[in-house]
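Naming convention: chains lettered A, B, ... in sequence-line order (proteins, then strands); numbering from 1 in each chain.
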Protein chains: 2
Amino acid sequence: MAEGGPGPGGGESLLFLTDEQLRKGIEAMFFAYRGFTADPDRILGDLDYGRAHHRAMHFIHRSPGTTVNNLLSILGVTKQSLNRVLRTLIEDGLVESRVGRVDKRERHLYLTPKGTDLERALSDAQRARMRAAYRAAGPAAVQGFRQVLEAMMDPELRRQYQTLKEGGA
Amino acid sequence: MAEGGPGPGGGESLLFLTDEQLRKGIEAMFFAYRGFTADPDRILGDLDYGRAHHRAMHFIHRSPGTTVNNLLSILGVTKQSLNRVLRTLIEDGLVESRVGRVDKRERHLYLTPKGTDLERALSDAQRARMRAAYRAAGPAAVQGFRQVLEAMMDPELRRQYQTLKEGGA
DNA sequence: TTGGAAAGTCAACAAGGCTGACATAAAATC
DNA sequence: GATTTTATGTCAGCCTTGTTGACTTTCCAA
């Protein structure tokens, strides 16, 4: 690897934030994100769904009973955009939309058994890659990976990420 | 932070690869990538360009004189898709396309001064975020960040990433 | 000289973003 | 009780950026 840049050579060197180092990080994000989405995309390509469907199913699976508005703020898209995706998922019997009991304006979203199956297939594929990457890099690297990613998020998104983190732990 | 999951508590714990840990990594990638692209997107939004233009300019800046075919394999899109982007960049005087000297079929791509200016504005914004994230997470975390991302890439993309890495170092 | 690779172009299409306008039901407020 | 706000859904239309397929031009090399 021979990292550490122009500093005293790796380890606890000073902040080795040359433009070169930063550029490598940027390109690493670019290439890694392609790998990150490649496996689910392959599965989705065979069906009539896309990445947007995957994202919706992921967060519905993660927070069953979440409302449309909540999902909207997590995904960061317009309701028209989300609705198009959600409609097809509901029509195809992958997602169920239940009217809220306390507030009947709200729709609570759940994966059906069929939806759960697809979500599992997709996340199995994505997890397999993530697992392999974690194994290859080692536990210490995983720690750093998560720290940098978290620091890279917009503050608002970081809050949502952390809320999700707690909720699932 | 209190990481380390269900293992013996952080540090060199065994492979703590629970589905929960993996899912957090997946969501971290999702939220972080949004932050990663947010700043350039804001700049591009004001102009008539999109993320695809940014990517093309980034890699032309990075490897001046690269051929269209080379760029194609780095970006992983079809030549029609790239060509549309490239055409507007050339028309607008941001990119120059020179016929190859040894192989006149090839077009070698260069940023014009105008193109260099925009590229710098975009990458300055992106680097600023990356720098802040690196600073917040610390040198050791940066090491891990890069290791995990590299392990997450498809083998072919990893090779391209590493080639770029060497070329620029 | 002819085959094939590199590059470019045109047409058509799809996914998934976006805005704006509007409808409905229910909750909240006055 | 009337009004306003909120949550959701929907229609129409637009943009970017990806796709496939068909075709042309250029030009290297066998």
Can you list, pair by pair, the side-chain donor-acceptor contacts under 3.5 Å of residues 71-80 of chain B, counting residues two or more places apart and other chains?
{"from": "B/Ser73", "atom 1": "OG", "to": "B/Asn70", "atom 2": "O", "distance (Å)": "3.0"}
{"from": "B/Ser73", "atom 1": "OG", "to": "B/Gln160", "atom 2": "NE2", "distance (Å)": "3.1"}
{"from": "B/Thr78", "atom 1": "OG1", "to": "B/Ser81", "atom 2": "N", "distance (Å)": "3.3"}

Once side-chain hydrogen bond (donor to acceptor under 3.5 Å, both in side chains) is applied, do any residues pair with [X], and if so which ones, sequence neighbours excluded?
X        : answer
B/His58  : A/Glu27
B/Arg34  : none
B/Glu96  : B/Arg98
B/Arg107 : none

For this session: Return the residues of residues 51-60 of chain A meeting this criterion: a heavy atom under 4.0 Å from some atom of DNA chain C. Order them by number, or give none.
Result: A/Arg51, A/Ala52, A/His53, A/Arg55
Exercise. For DNA chain C, which residues in residues 30-47 of chain B have a heavy atom at a distance below 4.0 Å?
Worked result: none
Exercise. From B/Leu89 CG over to B/Glu119 CD, what is the distance, rounded to the nearest 0.5 angstrom?
Worked result: 11.5 Å
Show me the side-chain donor-acceptor pairs of residues 124-132 of chain A shorter than 3.5 Å, one per line, residues at least two apart or across chains.
{"from": "A/Asp124", "atom 1": "OD1", "to": "A/Arg127", "atom 2": "NH2", "distance (Å)": "2.7"}
{"from": "A/Gln126", "atom 1": "NE2", "to": "A/Phe36", "atom 2": "O", "distance (Å)": "3.0"}
{"from": "A/Arg127", "atom 1": "NE", "to": "B/Asp19", "atom 2": "OD1", "distance (Å)": "3.4"}
{"from": "A/Arg127", "atom 1": "NH1", "to": "A/Ser123", "atom 2": "OG", "distance (Å)": "3.3"}
{"from": "A/Arg129", "atom 1": "NE", "to": "A/Gly35", "atom 2": "O", "distance (Å)": "3.0"}
{"from": "A/Arg129", "atom 1": "NE", "to": "A/Asp39", "atom 2": "OD2", "distance (Å)": "2.8"}
{"from": "A/Arg129", "atom 1": "NH1", "to": "B/Met152", "atom 2": "O", "distance (Å)": "2.9"}
{"from": "A/Arg129", "atom 1": "NH1", "to": "B/Asp154", "atom 2": "OD1", "distance (Å)": "3.0"}
{"from": "A/Arg129", "atom 1": "NH2", "to": "A/Asp39", "atom 2": "OD1", "distance (Å)": "3.1"}
{"from": "A/Arg129", "atom 1": "NH2", "to": "A/Asp39", "atom 2": "OD2", "distance (Å)": "3.3"}
{"from": "A/Arg129", "atom 1": "NH2", "to": "B/Asp154", "atom 2": "OD1", "distance (Å)": "2.9"}

Exercise. Quick one: is B/Thr78 getting a side-chain N or O under 4.0 Å of the D/dG18 phosphate, OP1 or OP2?
Worked result: no
Exercise. Are A/Arg23 and A/Glu20 close enough for a salt bridge, meaning some N to O gap below 4.0 Å?
Worked result: yes
Problem set entry | Contact state string [nucleotides 3-12 of chain D, B base, S sugar-phosphate only, - no protein heavy atom under 4.0 Å] | ---BSBBBB-
For this session: Anything under 30° is parallel, anything over 60° is perpendicular, the rest tilted; go ahead and classify A/Phe31 against B/Tyr161.
Result: perpendicular
Exercise. Would you call the rings of B/Tyr134 and B/Phe145 parallel, tilted or perpendicular if under 30° counts as parallel and over 60° as perpendicular?
Worked result: perpendicular
Problem set entry | All salt bridge (Lys or Arg N to Asp or Glu O under 4.0 Å) counterparts of B/Arg87, not counting sequence neighbours | none
For this session: Indicate yes or no for a side-chain donor-acceptor contact from B/Thr67 to the backbone of B/His108 under 3.5 Å, with no hydrogens or angles considered.
Result: no
For this session: Using a heavy-atom cut-off of under 4.0 Å over every strand shown, decide if A/Val99 touches base, sugar-phosphate, or nothing.
Result: nothing
Exercise. Roughly how many Å is it from CZ in A/Arg84 to C1' in D/dG13, rounded to a whole number?
Worked result: 11 Å
Between side-chain atoms of residues 45-56 of chain B and protein atoms elsewhere (two or more places apart, or another chain), which donor-acceptor pairs fall under 3.5 Å?
{"from": "B/Tyr49", "atom 1": "OH", "to": "B/Asp92", "atom 2": "OD2", "distance (Å)": "2.4"}
{"from": "B/Arg51", "atom 1": "NE", "to": "B/Asp41", "atom 2": "OD1", "distance (Å)": "3.3"}
{"from": "B/Arg51", "atom 1": "NE", "to": "B/Asp41", "atom 2": "OD2", "distance (Å)": "3.3"}
{"from": "B/Arg51", "atom 1": "NH2", "to": "B/Thr37", "atom 2": "OG1", "distance (Å)": "3.4"}
{"from": "B/Arg51", "atom 1": "NH2", "to": "B/Asp41", "atom 2": "OD2", "distance (Å)": "2.6"}
{"from": "B/His53", "atom 1": "ND1", "to": "B/Gly50", "atom 2": "N", "distance (Å)": "2.9"}
{"from": "B/His53", "atom 1": "NE2", "to": "B/Thr88", "atom 2": "OG1", "distance (Å)": "3.2"}

Exercise. So where does chain B start and stop touching DNA chain C, 5' to 3', when the test is distance under 4.0 Å to a non-hydrogen atom?
Worked result: C/dG4 to C/dC10
